[in-house]
Amino acid sequence: MVNTNPNHRHTYDAQGKMLCCSLEEKIYSRAGAAGLLNKGNVSAKGVESGACHECCDDEEHEHHSGMGQYVPAAVSLFMLLVGLAADYYFKPAFFIGYVRLAWYAIAYLPVGLPVVKEACEALCNREFFTEFTLMLLASMGAFAIGEYPEGVAVMLFYAVGELFQGAAVSHAKGNIKALLDVRPDTAAVLKNGKVYAMKPEEVLIGEIVQVKAGEKAPLDGEILNTESAFNTAALTGESRPRTIRVGEQVLAGMINLNNVVEMRVTRMYADSSLARILEMVQNATARKARTELLIRRFAKVYTPAVFFLALALTFVPWFFVTDYNFSEWLYRALIFLVISCPCALVVSIPLGYFGGIGAASKNGILFKGSNFLDLITKVNTVVMDKTGTLTKGVFRVRKIYPKDIDVNMFINNLAALERRSTHPIAKAIAEYVAENEAYKATDVQEISGYGLRGTVNGDEVLAGNTKLLKKHAIAYPVTIDAIVESIVVVAINRQYAGYVLIADEIKDDARQAIEEMRQNGITQTVMLSGDKSSITHKVARKLGIDNAFGNLLPEDKVRKVEELKRDASRIVAFVGDGINDAPVLALSDVGIAMGAMGSDAAIETADVVIQTDQLTKIATAIKIGKATKCIVIQNIALAFTIKAAVLLLGAAGIATMWEAVFADVGVALLAILNAIRIQKQNHT
């Protein structure tokens with residue numbers, strides 16, 4: 001156990017505040033820390049720092065962190081070494097009988113008492129077959145037959161294994177702890193010309209917050225006074241500063257690098273991008289991989305089976321062995337108990353998955369559960385949205401083509417309507433022309449997959465794709481259908497009024513991303529878009545995408561993915577960023593949302609969130625998933641192979657308690673060290 005009081009647990013909310021301090025209801029595998037991670041309800045920061053407030057006294061707080069956790073093991077080790085020296089080297093006359101027993105009993109207490117306490121609490125909770133009871137029985141049995149040094153060694157090396165495990169867990173949590181550390185403590189709220197320090201959770205939407213150079217933005221908001229450079233690494237993983245201008249969004253956790261900025265709060269803290277990311281990370285370990293669940297189920301059967309086999313090994317030979325010696329066979333059974341403890345499996349496998357989640361977060365990728373780390377390794381078909389996913393989604397008005405209408409009237413009518421939409425094309429048109437008070441849009445309705453309909457100064461205005469005009473039986477020049485670029489077609493009072501040519505750009509890393517996907521086992525790439533088929537196929541050809549489909553409504557995208565999934569051999573991942581992508585993200589085997597600033601619906605529905613807009617991170621996510629799975633398989637093979645070999649030797653009377661300790665603690669340590677390798681690997 002990392003702490004000498006490992007049952008003392010803390011629960012934190014999404015903001016990292018301590019909610020309660022209570023005992024775990026169920027004794028989990030080896031480890032205070034690993035048990036917490038498996039529950040998925042404690043923030044890494046709280047576990048890492050042992051942040052105890054009113055509910056913990058000073059003595060308990062000391063045990064949660066610092067060098068104090070090593071003292072019990074150091075005391076026991078010192079006394080064990082002195083005892084062994086007295087037994088085999090100095091051999092003083094007084095070091096016999098009760099003196100020798102007392103010495104080793106005192107050496108046992110610092111490392112044995114926490115396990116005794118764990119075992120008692122497990123028994124109170126009707127958990128009769130846990131690793132704690134196995135280790136307690138083995139060590140007490142060794143004392144009972146006079147093998148005092150072995151009894152101490154079993155507990156000592158078990159404690160050392162716990163310390164190594166604690167260090168490994170802390171290492172694995174490092175990247176997530178860094179995320180939690182970006183939480184701002186206070187918000188400087190401007191009210192009546194004065195600045196008031198408030199908790200971010202107490203600030204309301206619409207209030208003005210001041211962020212000085214070097215400070216973190218406490219909430220999501222819109223800049224009001226001046227542009228500034230922001231470090232966005234906590235949210236996007238991108239180290240290069242980003243300039244954010246007046247009217248643009250700043251997200252909680254971004255660090256202001258230059259000017260003092262004022263921002264209007266647009267979201268409550270609980271709904272901010274940072275809070276959503278922290279919640280996803282903290283809850284990631286709650287959704288278990290199939291391998292992890294299988295090992296847990298296996299351990300529940302395996303541990304009692306081992307106990308009864310040890311009993312059989314003790315008493316059954318009496319019926320078959322002529323010179324049966326109870327102490328000798330009891331010693332073999334104790335060795336059997338120590339060897340068979342499932343610590344290496346139960347600890348290293350969750351740690352391996354948690355390490356994978358940590359490595360992914362370091363690369364700007366958030367997995368919502370270890371089950372998706374497993375599943376992403378099986379993906380062979382990747383379906384992608386176009387706008388905002390394969391393209392930058394940053395549109396610019398290139399040219400205006402009005403018909404029988406003044407150009408200013410045309411663009412102002414259109415802009416008044418588009419200002420009521422959040423679509424990237426709508427934003428591009430709204431930014432192209434300054435807002436004109438003479439043009440006001442009312443009764444605006446967004447028709448998903450088609451465009452907008454509304455009233456501007458009493459005139460009905462339709463703006464969208466050509467399907468919108470067809471839907472309303474409005475004639476337009478047939479030459480428009482031959483235009484490859486993105487366009488917005490406009491009708492005023494059911495009469496065709498012209499169109500606007502819009503430009504979008506393919507992302508710089510899009511082609512590289514497609515190539516890397518193929519290198520990592522993706523056999524088919526598909527692009528789905530609501531844009532015109534001509535544009536969709538043009539982009540697909542440039543990027544080397546296998547299949548592309550355009551002119552799709554949201555329900556059409558769902559149907560296409562359903563068609564792909566009818567082939568049982570396909571494991572389909574869908575990559576998107578918009579609200580209209582949410583149904584397809586939910587339908588796919590693995591839903592991947594692009595960008596921490598993507599739509600709330602997409603991020604909530606997705607299984608994996610790429611915090612940056614880098615498509616190459618998809619291949620990185622697959623690599624991390626494969627590396628994690630490989631390490632987990634290695635640990636399972638290592639544990640079973642070594643334990644099986646030493647079990648046979650122990651049953652035959654060849655292996656001693658020292659070999660048993662290695663087969664338990666040594667294998668666990670090797671598995672833990674192997675599990676943390678994923679943190680060191682370069683996955684880019």
Side-chain angles (χ1 to χ4, degrees), residues 232 236-238 240 242-243 364-365 381-399 422-429 431-432 449 465 482-488 499-520 522-552 556-557 560 573-581 584-585 592-599 602 606 608-622 684:
T232 66
T236 66
E238 177 58 55
R240 185 174 60 186
R242 176 187 167 198
T243 299
I365 304 162
T381 303
V382 174
V383 183
M384 293 160 282
D385 177 47
K386 182 179 74 68
T387 304
T389 302
L390 290 164
T391 64
K392 294 180 179 178
V394 180
F395 293 88
R396 296 287 182 267
V397 175
R398 286 179 55 188
K399 204 161 183 180
T422 59
H423 193 280
I425 290 179
K427 289 180 179 179
I429 294 171
E431 290 170 3
Y432 180 76
N465 51 36
I483 298 172
V484 175
E485 291 81 2
S486 296
I487 62 171
V488 175
Y499 68 92
V500 176
L501 193 64
I502 304 291
D504 189 11
E505 294 180 56
I506 294 174
K507 288 182 179 177
D508 298 332
D509 67 337
R511 186 168 183 84
Q512 178 190 348
I514 301 300
E515 291 173 357
E516 289 185 5
M517 286 182 210
R518 288 202 175 93
Q519 292 167 8
N520 285 277
I522 304 304
T523 57
Q524 184 175 20
T525 52
V526 181
M527 180 169 65
L528 305 179
S529 177
D531 211 341
K532 293 191 302 183
S533 291
S534 54
I535 298 175
T536 304
H537 286 97
K538 182 179 178 181
V539 171
R541 284 193 298 272
K542 283 186 178 180
L543 298 179
I545 293 173
D546 299 320
N547 294 301
F549 303 92
N551 289 319
L552 299 178
D556 296 326
K557 292 182 180 180
K560 287 291 183 185
F574 181 82
V575 188
D577 69 327
I579 292 174
N580 62 344
D581 293 328
V584 202
L585 286 165
I592 303 175
M594 293 296 295
M597 286 168 271
S599 77
V608 182
V609 178
I610 307 292
Q611 290 179 261
T612 65
D613 283 331
Q614 295 173 279
L615 276 164
T616 49
K617 295 293 186 182
I618 298 170
T620 303
I622 296 172
T684 56

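What's counted below: heavy atoms across the whole structure, side chains too, no hydrogens, waters or symmetry copies. Computed from a prediction, not measured in an experiment: that's the story for all the values here.
- Here the straight-line distance linking atom CZ of Phe549 with atom OG of Ser529 works out to 12.5 Å at 0.5 Å rounding.
- Distance CD1/Ile610 to OG1/Thr620: 8.0 Å, rounded to 0.5 Å.
- In this structure the side chain of Val539 reaches within 4.5 angstrom of the side chain of Lys386, judged on heavy atoms.
- Applying the salt bridge (charged side-chain N to carboxylate O under 4.0 Å, His left out) test to Asp546 and every residue at least two apart in sequence or in another chain returns Arg518.
- Counting all heavy atoms, side chain and backbone alike, Gly576 lies closest to Asp385 at CA-CB, 4.1 Å.
- If you take CD on Glu515 and CG on Asn520, they are separated by 12.5 Å, rounding to the nearest 0.5 Å.
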For this session: Just do the side-chain contact (heavy atoms from CB on, under 4.5 Å) check on Val383 and Val584 with the steps written out, would you?
Result: CA-CA 10 Å; Val383 183; Val584 202; 5.8 Å; no
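- Between atom NZ of residue Lys542 and atom NZ of residue Lys538 there is a gap of 5.0 Å, rounded to the nearest 0.5 Å.
- Summarising the geometry of Arg511 relative to Gly544, their closest heavy-atom pair is NH1-N, 3.4 Å, with the distance given to 0.1 Å.
- Legend: residues meeting side chain to side chain contact (heavy atoms under 4.5 Å, CB included) with Asp508, ordered by chain and number and at least two apart, are Lys392.
- Side-chain contact check for Leu615 versus Glu516: every heavy-atom pair is 4.5 Å or farther apart.
- Counting heavy atoms from C-beta outward, Asn465 and Asn551 have side chains that stay 4.5 Å or more apart.
- Closest approach of Lys507 to Thr389, counting heavy atoms only: NZ-O, 3.0 Å.
- To the nearest 0.5 Å, atom CD of residue Glu431 and atom CZ of residue Arg396 are 6.5 Å apart.
- Using a distance-only test at 3.5 Å, with no hydrogens or angles considered, no donor-acceptor pair links the side chain of Thr381 to the main chain of Gln524.
- Scanning all heavy atoms of the two residues, the minimum distance from Ile487 to Tyr499 falls at CG2-CD1, 3.8 Å.
- You'll find the side chain of Ile618 reaches within 4.5 Å of the side chain of Val575, heavy atoms only.
- The number of heavy-atom neighbours closer than 6.0 Å to CD of Glu505, taken from other residues, nucleotides and ligands shown, is 12 or below.
- Applying the side chain to side chain contact (heavy atoms under 4.5 Å, CB included) criterion to Tyr432, with sequence neighbours excluded, gives Val397, Ile400, Ile411.
- Proximity of Val526 to Lys560: side-chain heavy atoms (C-beta onward) are nowhere separated by under 4.5 Å.
- Here the side chains of Leu390 and Ile545 are in contact, with some heavy-atom distance below 4.5 Å.
- Of the possible polar contacts, one joining the Asp509 side chain to the Thr616 backbone as a donor-acceptor pair under 3.5 Å is found.
- Listed here is the closest heavy atom pair of Gly550 and Thr536: CA-OG1, 3.6 Å.
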